[in-house]
Participant: 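Here it is, the structure in full.
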Protein chains: 2
Amino acid sequence: MNIHLILRVMTQQVTDKKEAIYEAAIKLLNERGFHSTPMSLIAKEANVAAGTIYLYFKNKEEMLNKLYLEIKEKYSNSLMRGYLETMPVRDAFELVWRNSLDFKLKRGAEFGVMEQFKNSPFIKKATTEEGLKIFSPVIKLVERAKREKIIKDYPDSIFHALFFAPVGELVKTHTIQRTEFTEEEKKLAFQGCWDAVKN
Amino acid sequence: MNIHLILRVMTQQVTDKKEAIYEAAIKLLNERGFHSTPMSLIAKEANVAAGTIYLYFKNKEEMLNKLYLEIKEKYSNSLMRGYLETMPVRDAFELVWRNSLDFKLKRGAEFGVMEQFKNSPFIKKATTEEGLKIFSPVIKLVERAKREKIIKDYPDSIFHALFFAPVGELVKTHTIQRTEFTEEEKKLAFQGCWDAVKN
DNA sequence: TGACAATGAATGAACATTCATTTAATTTTG
DNA sequence: CAAAATTAAATGAATGTTCATTCATTGTCA
């Protein structure tokens, strides 16, 4: 392999097709669920031959586990967007909370797939563990807030449940009911989450 | 059909086999997920022939939708267990919250199936709507508490997200990590949920 | 014995995956 | 530099398997 080949591989085919496959999979999985999106359909949606998917993934299981991790990583990255060490802690929490909400609202298909897979026996333990690592920046922020006595000294699991779980639930409700999520409601909901964890 | 037959049908076979099928389905769906529990396996687990399932259900889709409703109903009934009109409102909320937690902990398989299906496109809109009706006793309690200014005047969706969503999230975390859910943690978590909604 | 319940082997459709072949890109050679 | 040779990428028809569902047959019981 010479340098040109390496560049091509890195920037063109692999990225393009793999991305196309991921995108197609996200769209279809969200719309139809795992059980009724065959590989052949994903291939068609991605404008790729059925066999091509198997150049990039060992099989369907591996593909979906990788897709899940990819989405989790995107989500995790979006959480800390705009964060500065110098922020007041409470502002940082509002930022992270809003980032979570925005991701789940704007990237509805990704969020749908995440939710569908999160509790499915289909996702392997290794994948779940990998997914936890991705979250570490947020965990650091929580540690800091606990040390400064700004939030209660909850175990991580309880903090996460009180502060983030409601966001997902709300987005699901609004998505199902096809109702607007107003700024008023966002403020109310954040205040509730904050009241649950603040000291 | 004579009266004896009707009685027999109502009390013996139908109930027994249907129940056996439901139980088998819950166990397998929770363990293996929808995509890899074939009807034949459900039949075997229920000690019933494959064809028998089709005496009680039109097809797999109908079976799963009915199963989902059945579970939701059991869950909903368990929520109000022990409730008395005369209770102080805050005690009633703690009761309902603990009932929710107990159900999700003790009936882990049912809870797992519920979670797996809740966000799946597999569940039909009609089923989701039917599932909402089942919840009405709790909604009445919430109305009462709002009127008495004991909890904040949140829209139902926000109340639900703040007060109930964390319970499910916590149970899932503990189930995955195979850790004990201590009484201490339960107290902490309830206090958080209550702080989120109380006035 | 008649009426219904239950069975489970058989059927056919759907699907994941393979692989022989084609197309495209890259390198070598004269 | 162009043509030939090599290597890699991509294709999609074919394969074998899995599975939901059916239905001819058998069992049950009033």
Side-chain angles (χ1 to χ4, degrees), chain A residues 1-25 28-29 31-67 117 120-122 124, chain B residues 1-25 28-29 31-68 117 120-124:
Chain A
M1 277 224 272
N2 65 22
I3 186 64
H4 297 293
L5 177 58
I6 292 169
L7 282 175
R8 188 179 60 75
V9 165
M10 299 296 289
T11 57
Q12 302 268 290
Q13 270 74 354
V14 167
T15 310
D16 286 351
K17 305 241 160 173
K18 223 180 185 178
E19 268 317 302
I21 292 165
Y22 275 148
E23 268 174 44
L28 292 169
L29 290 168
E31 280 169 12
R32 314 168 45 104
F34 165 74
H35 70 285
S36 54
T37 79
M39 294 297 257
S40 55
L41 199 63
I42 294 173
K44 192 188 272 182
E45 177 77 27
N47 287 314
V48 139
T52 305
I53 297 181
Y54 292 86
L55 297 175
Y56 298 98
F57 306 99
K58 192 154 52 82
N59 52 35
K60 193 176 185 180
E61 183 177 29
E62 191 201 273
M63 193 198 99
L64 294 180
N65 276 271
K66 287 207 173 147
L67 173 61
F117 279 29
S120 146
F122 190 78
K124 295 165 156 183
Chain B
M1 279 222 271
N2 64 24
I3 186 64
H4 298 292
L5 177 59
I6 291 170
L7 282 175
R8 188 176 60 76
V9 164
M10 298 296 290
T11 56
Q12 302 270 293
Q13 270 74 355
V14 168
T15 310
D16 287 351
K17 305 238 160 173
K18 222 179 183 178
E19 267 318 302
I21 292 165
Y22 275 147
E23 269 174 44
L28 293 170
L29 289 169
E31 280 170 12
R32 313 167 46 103
F34 166 75
H35 70 285
S36 55
T37 78
M39 294 297 257
S40 55
L41 199 63
I42 295 173
K44 191 187 272 180
E45 177 76 28
N47 287 313
V48 138
T52 305
I53 298 181
Y54 292 86
L55 297 174
Y56 298 99
F57 305 99
K58 191 154 51 82
N59 52 35
K60 192 176 187 181
E61 183 178 28
E62 191 201 272
M63 193 197 100
L64 294 179
N65 276 270
K66 287 208 172 145
L67 173 62
Y68 178 68
F117 279 29
S120 146
F122 189 77
I123 291 301
K124 295 166 158 182

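Because only heavy atoms are used, hydrogens play no part in the values below, and waters and symmetry mates are left out as well, while side chains stay in. So you know, we letter chains A, B, ... as the sequences are listed, proteins then strands, and number each from 1.
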Participant: Using every non-hydrogen atom in the two residues, find where B:Tyr56 and B:Glu62 come nearest and quote the distance to one decimal.
Facilitator: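 Here B:Tyr56 and B:Glu62 meet closest at O-OE2, 4.3 Å.
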
Participant: Can you check whether B:Arg32 reaches B:Leu41 side chain to side chain, under 4.5 Å on heavy atoms?
Facilitator: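 The answer is yes, as the side chains (C-beta and beyond) meet within the 4.5 Å cut-off.
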
Participant: Can you measure B:Ile53 atom CD1 to C:dT7 atom P for me and round it to whole angstrom units?
Facilitator: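 Answer to the nearest Å: 10 Å.
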
Participant: Detail all sub-3.5 Å separations between protein N/O atoms and N/O atoms belonging to nucleotides 12-14 of chain D.
Facilitator:
| from | atom 1 | to | atom 2 | distance (Å) |
| --- | --- | --- | --- | --- |
| D:dG12 | N7 | A:Gly51 | N | 3.3 |

Participant: Hey, would you say the A:Tyr22 and A:Phe57 ring centroids sit under 6.0 Å apart?
Facilitator: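 Yes, the ring of A:Tyr22 comes within the 6.0 Å limit of the ring of A:Phe57, centre to centre.
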
Participant: Using atom CG of B:Leu55 as one end and atom P of D:dT28 as the other, report the distance to the nearest whole Å.
Facilitator: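 To the nearest whole Å, that distance equals 16 Å.
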
Participant: Side chain to side chain contact (heavy atoms under 4.5 Å, CB included) between B:Leu67 and B:Ile21: does it pass, once the steps are laid out?
Facilitator: CA-CA 10 Å; B:Leu67 173 62; B:Ile21 292 165; over 6 Å; no

Participant: To the nearest 0.5 Å, what is the distance between CD1 (A:Ile53) and CE (A:Met39)?
Facilitator: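 One gets 4.5 Å once the value is rounded to the nearest 0.5 Å.
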
Participant: Rounded to the nearest 0.5 Å, how far apart are CG of A:Asn47 and CG of A:Asp16?
Facilitator: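 It is 12.0 Å, given to the nearest 0.5 Å.
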
Participant: Report yes or no: does B:Thr52 contribute a side-chain atom to a donor-acceptor pair with the main-chain N or O of B:Val48 at less than 3.5 Å?
Facilitator: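 No, B:Thr52 side chain to B:Val48 backbone: no donor-acceptor pair under 3.5 Å.
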
Participant: Does B:Tyr56 put a side-chain nitrogen or oxygen below 4.0 Å from OP1 or OP2 of C:dA6?
Facilitator: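 Looking at the OP1 and OP2 atoms of C:dA6, one of them is under 4.0 Å from a side-chain N or O of B:Tyr56.
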
Participant: Atom CG of B:Asn47 to atom C1' of C:dT7: distance rounded to whole Å?
Facilitator: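 From B:Asn47 CG to C:dT7 C1': 13 Å.
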
Participant: Between A:Glu61 (CD) and C:dC15 (C1'), how many Å, whole number?
Facilitator: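 To the nearest whole Å, that distance equals 16 Å.
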
Participant: With 3.5 Å as the limit, what N/O pairs link the protein to nucleotides 17-20 of chain D?
Facilitator:
| from | atom 1 | to | atom 2 | distance (Å) |
| --- | --- | --- | --- | --- |
| D:dA20 | OP1 | B:Lys60 | NZ | 2.5 |
| D:dA20 | OP2 | B:Met39 | N | 2.5 |

Participant: Taking 4.0 Å as the cut-off, does a side-chain nitrogen or oxygen of B:Lys17 come that near to OP1 or OP2 on C:dA5?
Facilitator: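 No, outside the criterion.
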
Participant: From NZ of A:Lys44 over to P of D:dT11, roughly how many Å is that when rounded to an integer?
Facilitator: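 So the NZ-P distance, A:Lys44 to D:dT11, works out to 14 Å.
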
Participant: Does B:Tyr54 have any ring pair (Phe, Tyr, Trp, His ring centres under 6.0 Å) partners at least two apart in sequence or in another chain, and if so, which?
Facilitator: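 Counting only residues at least two positions away or on another chain, B:Tyr54 forms no ring pair (Phe, Tyr, Trp, His ring centres under 6.0 Å).
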
Participant: Figure out the CG/P separation between B:Asp16 and C:dA5, and round it to whole Å.
Facilitator: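 Computing the B:Asp16:CG to C:dA5:P distance gives 14 Å.
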
Participant: Got a second to check how far A:Lys60's NZ is from B:His35's NE2, nearest 0.5 Å?
Facilitator: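 Result: 8.5 Å between the selected atoms.
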
